[in-house]
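First up is the structure itself, then whatever we jot down about it.
The figures here come from the full heavy-atom set of this structure, side chains too, leaving out hydrogens, waters and symmetry mates. All ligand and atom numbering here is 1-based and tracks the order in the structure.
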Amino acid sequence: MQIQPTSPISVPTPCYVYDTALLARTLDAIKAQTAGHDNFHVHYAIKANANPKLLGLIVDAGLGADCVSGGEIEVALQAGFPASKIVFAGVGKADWEITLALQKGIGLFNVESTEELEIIHSIATDLNIRARVSFRINPDVGAHTHAHITTGKAENKFGIDMTDMIAAIRKAEAMPLVDFMGLHFHIGSQLLDMSDFEALCDRINELQIILEKEGLYAHHINVGGGLGIDYERPTEHPIPDFKAYFDTFKQRLHLREGQQLHFELGRSIVGQTGTLLTRVLYVKHGHQKQFAIVDAGMTELIRPALYGARHAIENLSAQARMDSMHDGEVRTSPTETYDVVGPICESSDVFAKELSLPETRRGDLMAIRSAGAYGETMASCYNCRPLPPTFTTEELFQQP
Ligand SMILES: *Cc1c(COP(=O)(O)O)cnc(C)c1O
């Protein structure tokens, strides 16, 4: 992203800046990989980023929406996603959320327990509206990622155990106002190793054989999301490897005649498009360490505090100082080591430890990269801080 600290407008910090041109290129890359596969349906996982400035572009690209709450269904409808292209997952769907989803006519419920199925059926009966239902099956395939963002292993709250799959489907088929439509899976997030998705394909192939033996047919197979992004080198890898991702499913999954294949991508669509801009408030010299204390904190971006996530951090002002040096001068600045920390009253409010940065001063503008997914959507008002303003690159650069 070409954000210059010397750009004519002064950005209020902390703020999120979204690179809409990169989002457009990312969506084009997805289109290129799914072209010619009319049975492929990509849903955008709203929880990654619900900013209307981004949702409009995603709607225009023809994607559906993956929602995990009634609020997300409302946001998706407002943004223009057709109800028929909305899928609704979540282990704790409240009655009002189920009612809303039925009344709005969403495409599919991804049901996570038979207890939930019963409530959906009872509400559908009260409303006299048919409920289209897929079951989220826990495929027990491990994802080599942080424990808190792994969802596909045997022992967790998500989904229905494989051994209970047939019983759940039979139960649904006996319900007059429920239509069993298919199977749903989601194995985790920030997955970069295609072998995780290969393992998922192998598992789905096994489950399809079981379905066939029982005389059952799943119209829809939903493989969830989880494709990761390069947090270390966002400039070199702004667009995830969608070819490797979609090829895995094209080659490894044995779909039956007429089956529709759904994907629910969140992070991989918006992650690299967002940058959190922040200014250095103080450079504090401790006895052992130097701290760059910035005006953004875990209230704007909680991923580092919540799951030890790392984001590339750049000091844009120091880069600009270097670039403005006269020819003849050596264009390098001595690097120093800083802990980059926020202002929040929590010791976990740390963006980076012992980070090598050019010499950093009060007032410097810093870019915290790859913050487009699970950044703004997880922002909070802790410490009575206001939510951060957001800009698109167009908005920033079109101003006089
Ligand atoms: C969060 C979530 C996704 C999106 O995950 P990403 O890692 O952002 O791609 C997809 N499906 C379900 C059910 C989810 O909960």
Side-chain angles (χ1 to χ4, degrees), residues 23 26-27 29-30 41-51 54-55 58 63-69 71-73 75-76 81 85-93 97 101 106-113 116 133-139 141 143-153 156-160 182-194 196-197 200 220-231 239-242 244-246 248-249 261-274 303 306-307 309 370-378:
L23 177 58
T26 305
L27 292 165
I30 292 173
H41 308 274
V42 181
H43 303 262
Y44 168 64
I46 301 280
K47 75 176 189 284
N49 191 319
N51 191 307
L54 303 184
L55 294 185
I58 296 170
L63 273 63
D66 165 43
C67 297
V68 294
S69 73
E72 286 192 356
I73 292 173
V75 163
F81 288 97
K85 287 190 182 181
I86 293 178
V87 293
F88 182 22
V91 291
K93 298 179 187 76
E97 294 175 309
I106 65 152
L108 279 172
F109 284 90
N110 288 322
V111 173
E112 309 226 10
S113 66
E116 177 194 331
V133 156
S134 280
F135 286 107
R136 177 170 179 173
I137 307 297
N138 187 337
V141 297
H144 321 107
T145 184
H146 191 276
H148 293 181
I149 49 178
T150 301
T151 59
K153 293 292 285 177
N156 72 53
K157 68 176 178 179
F158 298 104
I160 292 171
L183 302 180
H184 173 237
F185 306 85
H186 176 64
I187 56 172
S189 204
Q190 185 51 21
L191 308 175
L192 291 165
D193 190 343
M194 290 306 128
D196 290 322
F197 295 114
L200 174 62
H220 300 274
I221 301 288
N222 185 330
V223 296
L227 178 62
I229 61 171
D230 191 342
Y231 281 98
I239 299 178
D241 191 352
F242 289 116
Y245 175 75
F246 285 109
T248 301
F249 293 98
L261 184 60
H262 299 254
F263 303 85
E264 301 170 335
L265 297 173
R267 186 192 313 272
S268 54
I269 296 178
V270 292
Q272 298 292 33
T273 70
R303 298 187 65 256
L306 188 61
Y307 15 70
S370 313
Y374 308 106
E376 188 192 340
T377 40
M378 286 192 177

Legend entry - Location of contacts on Asp66 toward ligand 1, heavy atoms closer than 4.0 Å: side chain
Inset, instruction - Output the list of atoms in ligand 1 that are nearer than 4.0 Å to some heavy atom of Gly225, sorted by atom number. - result: 9 (O), 10 (C)
Legend entry - Distance from atom 8 (O) of ligand 1 to nearest protein heavy atom, with residue and atom: Tyr374 OH, 2.6 Å
Inset, instruction - Look only at interatomic distance and state if Gly266 has a nitrogen or oxygen under 3.5 Å from any nitrogen or oxygen of ligand 1. - result: yes
Inset, instruction - Looking only at protein heavy atoms, identify the closest one to atom 7 (O) of ligand 1 and say how far it is in Å. - result: Ser189 OG, 2.3 Å
Legend entry - Rounded distance (nearest 0.5 Å) linking atom CZ of Phe88 with atom CD of Glu97: 4.5 Å
Inset, instruction - Determine, using heavy atoms of His184 and all atoms of ligand 1, whether some pair is separated by less than 4.0 Å. - result: yes
Inset, instruction - Ignoring hydrogens and angles, tell me if any N or O in the side chain of His184 forms a donor-acceptor pair with the backbone of Val111 under 3.5 Å. - result: no
Inset, instruction - Using modelled atom types only, decide if a donor and an acceptor are shared between the side chain of Thr377 and the backbone of Ala48 within a distance under 3.5 Å. - result: yes
Inset, instruction - Sequence neighbours left out, what passes side chain to side chain donor-acceptor pair (under 3.5 Å) with Asp66? Give chain and number order. - result: none
Inset, instruction - Supply the atom-to-atom distance Asp196 CG to Met194 CE, rounded to the nearest 0.5 angstrom. - result: 8.5 Å
Inset, instruction - Do me a favour and list the nearest non-hydrogen protein atom to atom 4 (C) of ligand 1 with residue, atom name and distance? - result: Ala45 CB, 3.5 Å
Legend entry - For Arg267, the ligand 1 atoms whose distance to one of its heavy atoms is below 4.0 Å: 6 (P), 8 (O), 9 (O)
Legend entry - Sole candidate of Leu55, Leu23, Thr273, Val270 that passes side-chain contact (heavy atoms from CB on, under 4.5 Å) when paired with Asn49: Val270
Inset, instruction - Verify, without hydrogens or angle tests, whether Gln190 (side chain) and Ile229 (backbone) share a donor-acceptor contact under 3.5 angstrom. - result: yes
Inset, instruction - Between Ala48 and ligand 1, find which residue part has any heavy-atom pair under 4.0 Å and reply side chain, backbone, both or neither. - result: neither
Inset, instruction - For this output row, return yes or no: ring centroids of Tyr44 and Phe81 closer than 6.0 angstrom. - result: no
Inset, instruction - Starting from atom 13 (C) of ligand 1, find the nearest protein heavy-atom neighbour and note its residue, name and distance. - result: Glu264 OE1, 3.5 Å
Legend entry - Protein residue, atom and distance nearest to atom 1 (C) of ligand 1, heavy-atom basis: Lys47 NZ, 1.3 Å
